[in-house]
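Step one of this worksheet: look at the structure below.
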Amino acid sequence: MRLRNIPGSREAIAASGFVVHEDVMKEKKGCWNTVFGNEKPIFIEVGMGKGRFITELAIRCPQNNYVGIEKYSSVLLRALEKREQMEEVDNLYFLRMDAEELPEVFGENEVSGIYLNFSDPWPKDRHAKRRLPSKEFLARYDKILKPEGKVEFKTDNRGLFDFALEQVKEAGWDLEACTFDLHHDETMMEGNIMTEYEERFSAQGNPICKMIISRKK
């Protein structure tokens, strides 16, 4: 899908106090709690899209800090517009960056959990290592997650989900929970926050898959 460029999106992002900018984000490695001014656990969403999931999560869970990560300026702008309406929220910042750089931006054991929601499937085989649940990315998450940290992944793309299941096994991670039909799984639906894509796809009758994974103890 071709992303529509929004004129002025980069300028709006550059002017926002809710974005930790490219010229300083790597300086925050290992000390992200200073950005928030507290010692609360830090959770990140990689590829947050328009930000519905992580903004709602930040509202529901003030006991945590959240960082939303998005590569594309025109998409991040939509999340930023939501953030600007949330005057009471002080536990959410955004980054515009490529997820491949995660170990350069976050320190060892700095992240308490990672959310992957409706990630780009990168359908061509030669692009497999670009998929966010690939073993290459699991190795990156391993560098920044706390020992008890978990990765939660949701998608309506069954092929991508099956690929992710294979990668979990190959990477030696533990599959803690898994469903091929989230919205009919009472246990895993508890506290679920729908993304824009999730709402659209589920309304079309597409089953949503979800897994929760962690490193082997």
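In terms of hydrophobic clustering, with Ile, Leu, Val, Met, Phe, Trp and Tyr side chains grouped at heavy-atom distances under 4.5 Å, V168 and L132 are assigned to a common cluster. Hydrophobic cluster membership is shared by M211 and I114, with clusters built from Ile, Leu, Val, Met, Phe, Trp and Tyr side chains linked at under 4.5 angstrom. Note: the hydrophobic cluster containing V24 also contains F106 (ILVMFWY, side chain heavy atoms under 4.5 Å, direct or indirect links). Note on I212 and F118: same hydrophobic cluster, where clusters join Ile, Leu, Val, Met, Phe, Trp and Tyr whose side-chain heavy atoms are under 4.5 Å apart, directly or indirectly. When hydrophobic clusters are built by joining Ile, Leu, Val, Met, Phe, Trp and Tyr residues whose side-chain heavy atoms come closer than 4.5 Å, directly or via intermediates, I69 is not grouped with V19.
In terms of the side chain to side chain donor-acceptor pair (under 3.5 Å) criterion, residue partners of E176 (sequence neighbours excluded) are, by chain and number, K150, S214. Legend: residues meeting side chain to side chain donor-acceptor pair (under 3.5 Å) with N64, ordered by chain and number and at least two apart, are Y66. Partners of S112 according to the side chain to side chain donor-acceptor pair (under 3.5 Å) rule, which considers only residues two or more places apart in sequence or in another chain, do not exist here. When the side chain to side chain donor-acceptor pair (under 3.5 Å) test is applied to E101, no partner is found at least two apart in sequence or on another chain.
In terms of modelled atom types and a separation under 3.5 Å, the side chain of S119 and the main chain of L116 share no donor-acceptor contact. Using modelled atom types, no side-chain atom of E170 and backbone atom of Q167 make a donor-acceptor pair closer than 3.5 Å. Between the K29 side chain and the P103 main chain, a donor and an acceptor come within less than 3.5 Å of each other. For E110 (side chain) and C31 (main-chain N/O), a donor-acceptor pair under 3.5 Å exists by modelled atom type.
The shortest distance between side-chain heavy atoms of M48 and T55 does not fall below 4.5 Å. Within the 4.5 Å cutoff, the side chain of I44 has heavy atoms near those of the V46 side chain.
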Checklist entry - Would E45 and N117 count as a side-chain contact (heavy atoms from CB on, under 4.5 Å) if you check the C-alpha gap in whole Å, the side-chain angles of each, and the deciding distance to 0.1 Å? => result CA-CA 8 Å; E45 182 182 9; N117 292 312; 2.9 Å; yes
Checklist entry - Between E22 and M97, is a side-chain contact (heavy atoms from CB on, under 4.5 Å) present by the stated rule, with each step listed? => result CA-CA 7 Å; E22 295 175 62; M97 59 171 283; 5.9 Å; no
Item to check | side-chain contact (heavy atoms from CB on, under 4.5 Å) assessment of L77 paired with K50 | outcome: CA-CA 8 Å; L77 179 63; K50 297 177 182 178; over 6 Å; no
Next on the checklist: For a ring pair (Phe, Tyr, Trp, His ring centres under 6.0 Å) check, start with the C-alpha distance between F53 and Y115, then their side-chain angles and the critical distance, and finish with the verdict.
Outcome noted: CA-CA 10 Å; F53 175 86; Y115 299 98; 5.2 Å; yes
Item to check | side-chain contact (heavy atoms from CB on, under 4.5 Å) assessment of N109 paired with I144 | outcome: CA-CA 5 Å; N109 299 332; I144 65 175; over 6 Å; no
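Between K210 atom NZ and D156 atom CG the span is 15.0 Å, to the nearest 0.5 Å. Put simply, CE on M194 and NE2 on H183 are 5.5 Å apart, with the number rounded to the nearest 0.5 Å. Distance check, rounded to the nearest 0.5 Å: CG of L182 to OG1 of T155 gives 11.5 Å. If you take CG on L76 and CD1 on I13, they are separated by 4.0 Å, rounding to the nearest 0.5 Å. Taking CE from M188 and CG from D181, the interatomic distance works out to 11.5 Å, rounded to the nearest 0.5 Å.
Within a 6.0 Å radius of CD in E186, no more than 12 heavy atoms belonging to other residues, nucleotides or ligands are found. When the shell of 6.0 Å around NE2 of H184 is examined, it contains 12 or fewer heavy atoms from other residues, nucleotides or ligands.
The two residues L92 and M86 come nearest to each other via the heavy atoms CD2-CE, 4.3 Å. The two residues V20 and M25 come nearest to each other via the heavy atoms O-CE, 3.7 Å. Nearest approach of S74 to R78, heavy atoms of both residues: O-CG, 3.8 Å. Between L80 and A12 the shortest heavy-atom distance is CD2-O, 4.0 Å. Shown here for C61 and N91, the closest heavy-atom pair between the two residues is O-ND2, 3.3 Å. K216 and D174 make their closest contact through NZ-OD1, 2.9 Å (heavy atoms, listed as atom of the first residue, atom of the second, distance).
In summary, of the residues considered (N192, T195, T179), a side-chain hydrogen bond (donor to acceptor under 3.5 Å, both in side chains) with K154 occurs for N192 alone. Screening F36, F43, W32 for a ring pair (Phe, Tyr, Trp, His ring centres under 6.0 Å) with Y93, the sole residue that qualifies is F36.
Sorted by first and then second residue, the ring pair (Phe, Tyr, Trp, His ring centres under 6.0 Å) pairs with a member in residues 128-177 read F161-F180; sequence neighbours excluded.
Taking the charged nitrogens against the carboxylate oxygens, E196 and K82 do have a contact shorter than 4.0 Å, which makes a salt bridge. The pair K143-E108 does not meet the salt-bridge criterion, since no charged nitrogen lies less than 4.0 angstrom from a carboxylate oxygen. For the pair D142 and R215, the salt-bridge criterion is met [side-chain N within less than 4.0 Å of a carboxylate O]. Remark: E70 does not engage R96 in a salt bridge, criterion side-chain N to carboxylate O under 4.0 Å. A salt bridge links E104 with K26; the closest basic N to acidic carboxylate O contact falls under 4.0 Å. The pair K169-E166 does not count as a salt bridge, with every side-chain nitrogen at least 4.0 angstrom from each carboxylate oxygen. Using a cutoff of 4.0 Å between basic side-chain nitrogens and carboxylate oxygens, R60 and E56 are scored as salt-bridged.
Checked by atom type, the side-chain pair K40/N33 shows no donor-acceptor distance below 3.5 Å.
For the pair R131 and W122, the cation-pi criterion (under 6.0 Å, within 45° of the ring axis) is not fulfilled.
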Pairs under 3.5 angstrom only: tabulate donor-acceptor contacts from the side chains of residues 201-209 to other protein residues two or more places apart or in another chain.
unit_1	atom_1	unit_2	atom_2	d
S202	OG	E198	O	2.7
S202	OG	E199	O	3.3

